Structure formats: C-alpha cells, structure tokens
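Presented below is the structure to which this report refers.
Computed from a predicted structure; not experimentally measured.
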Amino acid sequence: MITMPLSASIISGVQKLVLYETRARYFLVGSNHAQTKHRVLKIDRTEPKDLVIIDDKHVYSQNEVRELLGRLDLGNRTKMGQKGSSGLSRAVSAYGIVGFVRFLEGYYIVLITKRRKMADIGGHSIYKIEDTNMIYIPNDSVRLTHPDEARYVRIFQNVDLSSNFYFSYSYDLSHSLQYNLTLLNSPCCPGDEVTVHPHSSKQDSFDIFEDEGLPTQVHGLRNEPYAKYVWNSKLLERVKDIVHPDWLMYIIHGFCGQSKLLIYGRPVHITLIARRSSKFAGTRFLKRGANCEGNVANEVETEQIIHDASVMSFAAGSYSSYVQVRGSVPLYWSQDISTMMPKPPIRLDQADPYAHVAALHFDQMLQRFGSPIIILNLVKKREKRKHEKILSEELLPAVNNLNQFLPPEHWIDYIAWDMARYTKIKLCNVLDRLSMIAENVVKRTGFFINRSDFYCHTLRPDERWKLCCWILSSLFFCLSSQTGVLRTNCVDCLDRTNTAQFMVGKCALAYQLYALGMIDKPKLQFDTDCVRLFEELYEDHGDTLSLQYGGSQLVHRVKTYRKIAPWTQHSKDIMQTLSRYYSNAFSDADRQDAINLFLQVYQPSDSKPHLWELPTDFYLHQKNSMALAHDRRSYTYWWSEGILSYLPVPYDEVPCEENMKKVAVKRVNRYDESTDTYTEFFKPYELTSFDDTFCISMTNSAREFMPKTVGVDPSPFTVRKPEETGKSAVTGSKSSKEETVLQRKTAASAPPPPSEEQLSSSSEDDSEDDRDDDGSVSQRSTPVKLLTESGESVRTQEVRDDTYKHTETGSRLQSSISANTPSVCPCVLSYRFAHLGQNQHKVERTEPSALENAINVVPVSCFAVDSIYEVSPPRVDKESREVFEGHVLTGLGQVRALCREDTLMYREYIKNRYM
C-alpha cells in the first residue's frame with residue numbers, strides 16, 4: 001500500500017530576487033526556484049524617512065513579468081524613443097531579504113547575495129548566509145543627511161551576517177524536528193482557514209493516483225516561527241503585515257553541520273543544529289545570568305538529527321532527533337570587568353528569595369520541552385576563595401523552592417557535579433562519570449523517532465532498551481517523542497558544557513541508531529569511525545559557539561578530558577586563553593553594541609542619547625527597571641495556565657485551539673509547486689552534475705575516517721587504533737593478521753560501559769559536598785574484551801587458514817568461485833568477506849552448522865526488509881522491466897512508438913512548465 005502524506009510544509013515561492021532601480025522606485029522581483037512564478041514588490045524612494053511598500057499579491061508568469069519590466073523601462077526613460085540609457089536598471093541579484101532597518105536617516109534594505117548549502121533534512125535544504133548587501137532606499141535628491149548615520153551603519157555591520165547565520169525556504173529552523181513532524185501529523189481543525197488552490201480542478205490537473213482512490217490533495221502548512229531563536233524578527237516587523245508570507249524569511253544564529261555515516265554502504269546523515277537565543281543575547285562578561293523575563297545569557301538549543309538517507313521523505317523515511325539546552329545560571333548575577341582580571345569576581349545583583357526569575361525561565365522550558373527538566377550543574381563546589389560556588393548555593397534553594405509547588409512526578413531534577421575538580425584527580429575518569437549521567441538522562445527523557453519499533457529488537461532483545469521509560473506513543477500521535485530536556489551549565493557554558501553535551505549526545509546517538517535498526521546494541525565505543533565523526537561535529541559546534549560568546553575557540557576539548565591530547569595542545573590552549581582574554585577586555589563592548597543594534601534592542605532616535613554614550617545597556621534588557629509590571633506572577637502557581645494538564649507532553653506540541661491559531665492551512669494539489677518537495681530537491685528542470693551535489697561534498701565516514709589499509713573491517717563501529725585516522729598514511733607493511741590483532745587489542749583496552757548499579761548511585765555521589773577525594777574517585781575500568789570471546793580469536797584464525805579449504809562447500813552459495821588457487825588480492829578480499837559474515841551480527845544457534853566457518857547466511861528476522869542486514873532479491877514486475885528495457889533501447893537509438901499516455905504526460909509537462 002502506498003502511503004500518501006496528508007500534510008506538507010509550504011515551500012517559499014520567493015527564492016531568487018532581482019532588484020531593479022528607477023529614480024522614484026525600487027522594484028523587487030521574486031521568483032521560485034524554477035522561475036515559473038513571480039511576485040513583485042514596489043518600494044517608494046521619494047519618502048526620506050518612511051518606508052512605503054506595495055505588494056499587489058499577484059502571481060505573475062514569466063511572460064507577464066517580462067512585459068511588466070518592459071513597460072517600466074519604457075515609461076521611465078527621459079525621452080520617448082531613447083535607446084542609449086535605460087530607465088530601469090538592474091541593481092543586484094539576491095536570494096532573500098534579511099529585513100529593513102532605519103537609524104537616523106531613511107530605511108535600508110538588507111539582501112542575501114551569496115548562500116551555501118549546509119544540510120539537507122527530508123529534502124528540505126538548509127543554507128548558510130555567505131554575503132549580504134545593505135542598500136539605502138531613499139533617492140539622493142530627498143536624502144536628509146545626519147552626521148552620526150555612518151557610525152551607526154558601521155556598528156550595525158559589525159554583526160557579520162556571513163558568520164553562522166542560517167535559513168531555509170521550506171523547513172522551520174526555529175523549531176525542533178519533533179515539533180515540525182508532530183505538526184504535519186496533526187489533523188487540521190475544522191475551524192482552520194482552508195483555501196482551495198485555483199489550479200487544482202480536475203480538468204487542469206494530471207494525477208496518476210486519482211483513479212486508484214488515493215488522496216490527490218494535501219494540506220499545505222505554514223506555522224509561525226519560535227520568536228526566541230529568530231534573529232531578524234524585528235527587522236521584518238515593519239513589513240510583516242503588508243507583504244505576502246513568501247517574502248518573509250527568518251534566519252537563526254548558531255551552528256549547522258551535517259556528515260554522512262556509511263554503514264556498509266547505507267548512508268545515514270547525522271545533522272547537528274544549534275539555535276542561539278536572540279533574547280538577552282551578548283558577549284561573555286557583559287551578559288551573565290538572566291533578565292527580568294526569564295531569558296538567560298548564552299542560551300543555545302542543540303539538536304542532533306539522525307535519518308536514513310536511503311529514503312528522503314518525512315512520510316516514508318526514518319527520522320530521529322534529540323534536543324539538549326545550555327544556558328547561564330538563571331539568577332540575577334554579573335561580573336565586573338573594570339578590574340581587568342582574568343576571572344572577575346561573581347556578584348549577585350538582586351535578592352530573589354522566591355526564585356521569581358528562575359520560575360519564569362523554567363516555565364518557558366516546561367512549555368517548550370515538557371517534563372522532566374534535568375539540570376546538570378558543572379560549576380565548582382570547593383574553592384579556597386568563593387567564586388563559582390556562589391552560584392550553586394543560590395541555584396539549589398531556588399530549584400527546591402519551585403519544586404514544592406509542582407506535582408512530584410514533574411519535579412525539576414538537579415544534578416551538581418564538580419567536573420573541574422574531578423578532572424584533576426589522576427585516578428578518575430571524567431568521561432566514565434559523564435556516561436553514567438548521560439545513560440540515566442536519555443532513559444528518562446527519551447528521544448523522538450517517527451516510526452514504530454523494529455521487530456528485530458524483539459528477536460535480539462537488549463536489557464538497556466527495555467529499561468527506557470519514556471512514552472512510546474505520545475498523548476495524541478503514535479510516535480516515540482522526547483518529553484523533557486537536559487539543561488547543562490557551568491559558569492561560561494563553553495568548555496565543560498560542550499564536553500558534557502557531547503557525552504550525552506553520544507549516548508543518545510547509540511539509542512537512535514539502535515532504534516533505527518542500524519546496530520545490534522545501544523552503545524558506542526570511542527575510537528570508532530562513527531564516534532570520531534560525531535566528535536568532530538561536536539568540536540566544530542563547540543568552537544563556533546565559543547567564538548560567538550567568548551571570543552575564542554574551545555580551550556578544553558574531549559581529547560583533553562580523555563587525557564590523550566597531543567603535547568602541542570597545551571600551547572594551543574594557552575593561545576586560546578590569551579585570545580579569549582583579549583577579546584573580553586577590548587572588543588566585547590563593540591560587539592555588544594552591534595548585537596543590541598541588530599536585534600533592535602536599542603533603536604536610534606534624535607531624542608535619545610546615542611548608543612555609544614550609554615554607560616550600560618542594563619536598562620535595555622531589564623524592562624522592569626524602566627516601568628512597573630502590570631501583572632505580578634504568583635510565587636506558588638509559577639507556571640503558565642494549561643501547562644500542567646498536558647505534562648509530560650510539552651504544551652507547544654498540543655494541537656489545542658491556541659496553538660492551531662499559529663498555523664495557516666491551505667488545500668492544494670499534491671503535486672503543486674508550493675508543497676512538492678521532490679521537485680524542489682531534485683530539480684528535474686536543471687542539468688545537474690553529480691560532482692557538484694551536496695551529498696558528494698559532505699563529510700563522509702568512509703572517506704575521512706576509515707583507515708585505507710587493506711583487510712580492515714569497514715564497519716564504522718569497529719574500534720580503531722587511537723592514532724589512526726582515514727587521513728593518515730598507511731605503509732601497508734603489516735599483514736592483515738597483524739592489523740586484526742591490533743584492532744582487537746585496541747578494542748580490549750577500551751573502557752567498558754557503565755553498569756546499572758553505578759547509574760543508580762551517580763546522582764547520590766554528586767550531591768555530597770563533604771566527601772573526601774578518595775571517596776569520590778571512580779575506579780579505573782579494567783580491560784574487557786568487547787568484540788571477541790576467549791575461543792573466538794582461535795576460530796577466526798582457523799577461518800583465515802582454512803578459508804579456501806571450504807571452497808567446495810562455499811560453491812553451493814556462489815557458483816562463480818574458481819577451482820584454482822586465487823591470487824593474493826582476491827585472498828584478502830575473500831578473507832574480509834568471510835570474516836564479515838562470521839563475526840558481524842550473529843545470532844545464537846542451538847544446532848551445530850556444517851558451515852560454521854563459512855559465511856553466515858541464516859536470516860535473523862522473519863521479515864525480509866525488517867533490518868538493514870537482511871537483503872532480499874528485488875522483485876521487479878513486468879511493467880517495470882518493460883520501462884527499463886525501453887530506456888536501454890532508447891540509449892541504443894531504437895526509440896519505441898509513443899502511446900496515448902506518453903502524449904498526455906508530455907502535454908501536462910509542457911503546460912505546467914511553459915504555459
């Protein structure tokens with residue numbers, strides 16, 4: 001049965017823009033990617049300080065827009081019939097509008113002139129802004145000059161839009177994948193405004209599924225973005241209610257990276273998206289703690305998305321996501337940088353006995369993520385002079401005060417662990433303790449996956465999978481959803497936080513791959529291609545966020561805490577520390593002014609002091625300091641109305657009347673351009689080179705990380721030598737036998753997974769402040785063989801020596817094996833293949849098999865397509881064979897006669913493409 005999606009995201013109809021200029025007007029022509037539909041925006045240039053924009057909301061064809069531009073060109077020439085100078089000139093080409101901004105003179109328009117594709121999620125492309133152009137709108141003849149205008153322009157342009165700003169024409173980057181797919185699966189309410197597309201009548205459409213009783217129409221959905229993570233909402237506020245929604249393009253700031261994990265040729269895309277909050281945004285020492293609205297400094301939501309790239313669509317594909325949050329301690333605190341000290345003293349600015357600001361912050365988190373909210377506080381507990389400990393002493397009473405009013409099943413969990421002190425103890429393994437915390441957290445919050453459980457999980461049960469206690473079917477949909485979130489913080493939320501988030505993400509990645517049927521057990525080891533790829537993504541993620549907030553890259557990385565960093569890393573750490581100190585001392589103030597101006601926290605005016613004249617920006621971010629609050633929140637019922645009744649499901653994902661008001665719905669033909677993801681992604685109307693496609697250029701685990709030595713197991717889950725990478729030069733002097741032995745030694749020296757007893761006691765150990773150093777030490781892991789048992793290595797050696805002794809037996813499986821002794825290269829390949837079948841993904845068998853040392857061909861599932869390791873021969877029907885034969889004959893020059901269906905399909909294509 002073919003599954004047809006009933007809802008789809010609306011693809012923006014404005015993806016390519018051309019700005020045309022006359023003396024009195026700007027004409028902005030926007031078109032879709034195929035350039036079959038166009039819209040025109042008219043911007044008046046005769047108003048010196050006001051923004052006058054006219055959008056006729058009409059959709060033009062290609063011929064109509066050419067005719068319109070021709071008339072404008074003819075009408076704006078100085079003399080009738082003059083051919084020398086055109087009255088309509090082309091100013092710039094662009095890919096989107098960032099917004100409109102005004103300082104002391106007239107308005108500017110900011111356009112995206114260069115873009116680069118960074119990721120692909122379900123056929124929806126995500127782009128990074130590479131370059132922008134800021135154009136002054138009023139004509140020079142009406143311009144009213146101001147002496148301070150140029151300085152404001154320079155400050156505004158200090159926000160480098162080509163540095164880590166992202167957008168998409170069809171995917172909402174401000175929301176998580178769980179929210180977006182939950183919205184697509186939600187039924188459209190009867191009260192929704194449903195518009196029938198004018199081109200969806202039966203006479204004007206061609207649908208091959210119409211006669212089979214399948215749905216021929218879908219609901220196109222466009223929802224409002226989450227304002228906290230949108231960085232240009234204020235720049236679009238002036239035109240939001242005037243222009244068509246296709247003109248509005250919302251951008252996020254943070255990080256986006258995607259890599260391809262190849263599992264025996266099966267592509268799995270790992271995507272990391274970080275959304276930086278635009279509320280209370282700023283630099284390291286100038287933005288600390290929280291403001292009066294509960295928004296904290298350096299708040300970043302990190303989402304890892306795993307999907308099987310073999311199937312693209314959201315409806316039929318397998319997708320999984322996991323979300324974490326980092327952010328400053330939600331209290332009123334700051335650090336005085338006037339002393340020019342590397343670590344300025346921490347100062348509590350206001351007393352908050354009823355935890356009012358913390359209540360506002362956790363109310364936002366309950367509404368967006370549900371429960372449980374788990375706090376992982378990594379600040380120091382013991383110090384000779386109180387510094388970081390001040391924050392812990394204030395945060396714990398605040399959490400306890402809020403918990404006494406919540407139901408016990410929805411309490412905020414608080415885990416305090418002095419990560420810096422634990423690192424200095426020689427016998428302690430920091431990452432072991434973090435893995436225990438991560439295991440506990442992932443089992444409690446769960447993760448999102450858009451498909452039901454695999455049957456192979458029943459055939460190959462795992463105890464850790466059974467202990468997961470999240471809701472497998474949410475309150476409204478048959479999806480496995482994440483309820484609750486882990487909130488990690490240290491003082492800066494940079495180095496320690498990034499390592500902790502990596503360990504939690506690594507644990508979640510193992511469960512996600514297991515849930516998608518990619519691995520046998522939900523655990524991953526270090527020094528595998530998969531974890532190396534994931535670690536590189538997280539290091540790029542951490543470096544980017546650290547540069548945005550702290551002014552330098554990460555100082556302490558995952559390798560630092562693993563204690564395997566090279567000796568040259570120490571000098572690099574010193575340079576990063578000095579760079580961070582210089583940035584905080586000399587350039588952070590200018591960066592903070594630029595952020596305040598870009599986000600329109602400060603709006604210039606002749607009646608106000610200039611931005612550079614303000615002694616502090618405290619009053620810009622603390623609105624209650626300028627006016628009294630109209631309504632005071634309750635100290636006991638500190639959550640918003642309606643949240644508790646739906647917990648643990650987040651209120652934002654509940655299809656209630658209030659949330660559905662934020663969604664615009666229109667009914668269109670399922671092949672309409674506004675919802676056709678296939679055409680948008682593959683672009684059949686363009687000539688495309690495979691070498692230029694994004695999927696070829698993205699980071700590949702087999703190309704970048706897998707060793708190039710012949711005889712190495714190609715599995716990305718095999719433990720490699722710590723110093724070995726795919727880029728290192730391999731001499732090839734070692735035999736495949738020595739290579740295998742080295743791999744097994746490396747696997748044996750890897751630390752074992754944490755036990756359940758350690759998991760249950762981890763939170764208790766962390767909560768005791770008076771414990772001695774020796775008592776808090778986690779015993780170093782003893783070497784355990786992970787890949788082989790005691791007798792398995794002997795059996796593997798027998799397979800190597802006797803591989804060709806069983807050639808006659810193996811010929812029953814493959815009749816093309818030659819009876820002669822093969823050469824050295826086929827020997828190695830055959831050994832690899834036999835070793836693959838013998839040791840990978842085996843099942844227990846009670847009866848001894850005659851083919852014990854041959855390839856294991858016993859199916860491990862009752863269903864042929866249940867897991868990726870079972871391969872069933874493709875069943876091709878007669879019609880498909882005829883189509884393929886027709887293509888082959890066409891390539892040979894023997895074109896068959898066209899039938900009536902071919903003629904109708906070609907007419908439909910011509911009508912949609914050119915008419």
Side-chain angles (χ1 to χ4, degrees), residues 227-229 276-301 325-336 346-369 371 373-379 388-406 410-414 416 485 487-493 497 549 596 599 601 616-641 643-644 651:
K228 177 186 282 189
Y229 298 118
R276 179 174 292 280
S277 172
S278 61
K279 310 295 182 183
F280 202 52
T283 54
R284 184 184 176 200
F285 285 130
L286 297 178
K287 285 293 164 284
R288 293 296 211 188
N291 66 357
C292 60
E293 297 176 346
N295 301 307
V296 298
N298 196 22
E299 183 175 6
V300 181
E301 178 182 303
V325 175
R326 69 171 69 182
S328 188
V329 179
L331 303 169
Y332 287 120
W333 66 280
S334 63
Q335 288 180 276
D336 186 12
I346 292 176
R347 178 181 61 193
L348 294 175
D349 298 329
Q350 296 182 33
D352 193 7
Y354 299 105
H356 176 64
V357 64
L360 292 173
H361 177 67
F362 291 117
D363 178 36
Q364 294 178 11
M365 297 192 70
L366 285 174
Q367 184 168 346
R368 181 166 174 84
F369 303 109
S371 68
I373 303 296
I374 304 173
I375 302 172
L376 178 56
N377 186 16
L378 302 176
V379 303
E388 297 183 10
K389 188 178 178 182
I390 297 173
L391 302 177
S392 293
E393 292 177 345
E394 290 293 323
L395 181 58
L396 180 58
V399 172
N400 291 336
N401 179 71
L402 298 178
N403 277 341
Q404 64 182 330
F405 306 112
L406 277 174
H410 302 309
W411 276 356
I412 301 171
D413 286 352
Y414 180 83
V485 73
R487 186 194 190 277
T488 311
N489 71 269
C490 49
V491 176
D492 297 326
C493 301
T497 299
Y549 183 65
N596 290 338
L599 295 175
V601 176
T616 176
D617 65 348
F618 176 84
Y619 305 101
L620 301 177
H621 295 273
Q622 307 283 352
K623 294 183 179 179
N624 63 350
S625 60
M626 303 299 292
L628 294 176
H630 296 289
D631 52 339
R632 184 180 294 274
R633 296 283 293 263
S634 171
Y635 291 136
T636 56
Y637 297 97
W638 51 267
W639 53 86
S640 298
E641 184 180 358
I643 289 182
L644 277 188
Y651 180 76

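- No donor-acceptor contact under 3.5 angstrom links the side chains of Asn401 and Tyr354, judged on distance only.
- When all heavy atoms of Pro330 and Ala290 are compared, the pair lying nearest together is CA-CB, 4.1 Å.
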Quiz item: Where do Leu599 and Lys279 land on the side-chain contact (heavy atoms from CB on, under 4.5 Å) test, with the steps shown first?
Solution: CA-CA 9 Å; Leu599 295 175; Lys279 310 295 182 183; over 6 Å; no
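- Between Phe280 and Asn295, the shortest heavy-atom contact is CD2-O, 3.6 Å.
- For the pair Gln364 (side chain) and Glu293 (backbone), a donor-acceptor distance under 3.5 Å is present.
- Within 6.0 Å of CD on Glu641 lie no more than 12 heavy atoms contributed by other residues, nucleotides or ligands.
- Between the side chain of Trp333 and the backbone N or O of Ile346, no donor-acceptor pair lies under 3.5 Å.
- In summary, the side chains of Asp363 and Ser640 do present a donor paired with an acceptor at a separation below 3.5 Å, with no hydrogens or angles considered.
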Exercise. Would you check, one step at a time, whether the test side-chain contact (heavy atoms from CB on, under 4.5 Å) holds for Glu299 with Lys228?
Key: CA-CA 10 Å; Glu299 183 175 6; Lys228 177 186 282 189; 3.3 Å; yes
Exercise. Could you check Tyr414 against Asn377 for side-chain contact (heavy atoms from CB on, under 4.5 Å), going step by step and ending with a plain yes or no?
Key: CA-CA 8 Å; Tyr414 180 83; Asn377 186 16; 2.8 Å; yes
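- With hydrogens and angles ignored, the 3.5 Å screen pairs no side-chain donor or acceptor of Arg326 with any backbone N or O of Val300.
- Residues that satisfy the side chain to side chain contact (heavy atoms under 4.5 Å, CB included) test with Asn403, not counting sequence neighbours, are Val399, Leu406, Trp411, Ile412.
- Every side-chain hydrogen bond (donor to acceptor under 3.5 Å, both in side chains) that Glu388 has, sequence neighbours left out, goes to Arg496.
- Between Val325 and Thr488 the shortest side-chain heavy-atom distance does not fall below 4.5 Å.
- Scanning all heavy atoms of the two residues, the minimum distance from Leu331 to Leu395 falls at CD1-N, 4.0 Å.
- Comment: Lys287 engages Asp617 in a salt bridge, judged by a side-chain N to carboxylate O separation of less than 4.0 angstrom.
- For Phe405, the CZ atom counts as densely surrounded, since its 6.0 Å shell holds more than 12 non-hydrogen atoms of other residues, nucleotides or ligands.
- The minimum heavy-atom distance between Val296 and Gly327, with the atom names listed, is CG2-CA, 4.1 Å.
- The structure places CZ of Phe362 at 13.5 Å from OG of Ser371, a figure rounded to the nearest 0.5 Å.
- Distance CD1/Ile374 to CZ/Arg487: 13.0 Å, rounded to 0.5 Å.
- Ser277 has its side chain within reach of Tyr229: a pair of non-hydrogen atoms, C-beta onward, lies under 4.5 Å apart.
- Atom-to-atom distance recorded for Glu394:CD and Tyr332:OH is 13.5 Å, nearest 0.5 angstrom.
- Nearest heavy atoms, Ser328 versus Cys493: N-SG, 3.7 Å.
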Practice problem: Just do the side-chain contact (heavy atoms from CB on, under 4.5 Å) check on Leu348 and Ile390 with the steps written out, would you? | Solution: CA-CA 8 Å; Leu348 294 175; Ile390 297 173; 3.9 Å; yes
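- From Thr497, atom OG1 reaches atom CG of Leu376 across 8.0 Å, with rounding to the nearest 0.5 Å.
- The shortest heavy-atom contact between Cys490 and Val379 is C-CG1, 3.6 Å.
- Note that the CD1 atom of Ile643 and the CH2 atom of Trp638 stand 8.5 Å from one another [nearest 0.5 Å].
- Atoms CG and CG, from Leu391 and Asn489 in turn, are 8.5 Å apart once rounded to the nearest 0.5 Å.
- Between the side chains of Asn298 and Arg288, no donor N or O sits under 3.5 Å from an acceptor N or O.
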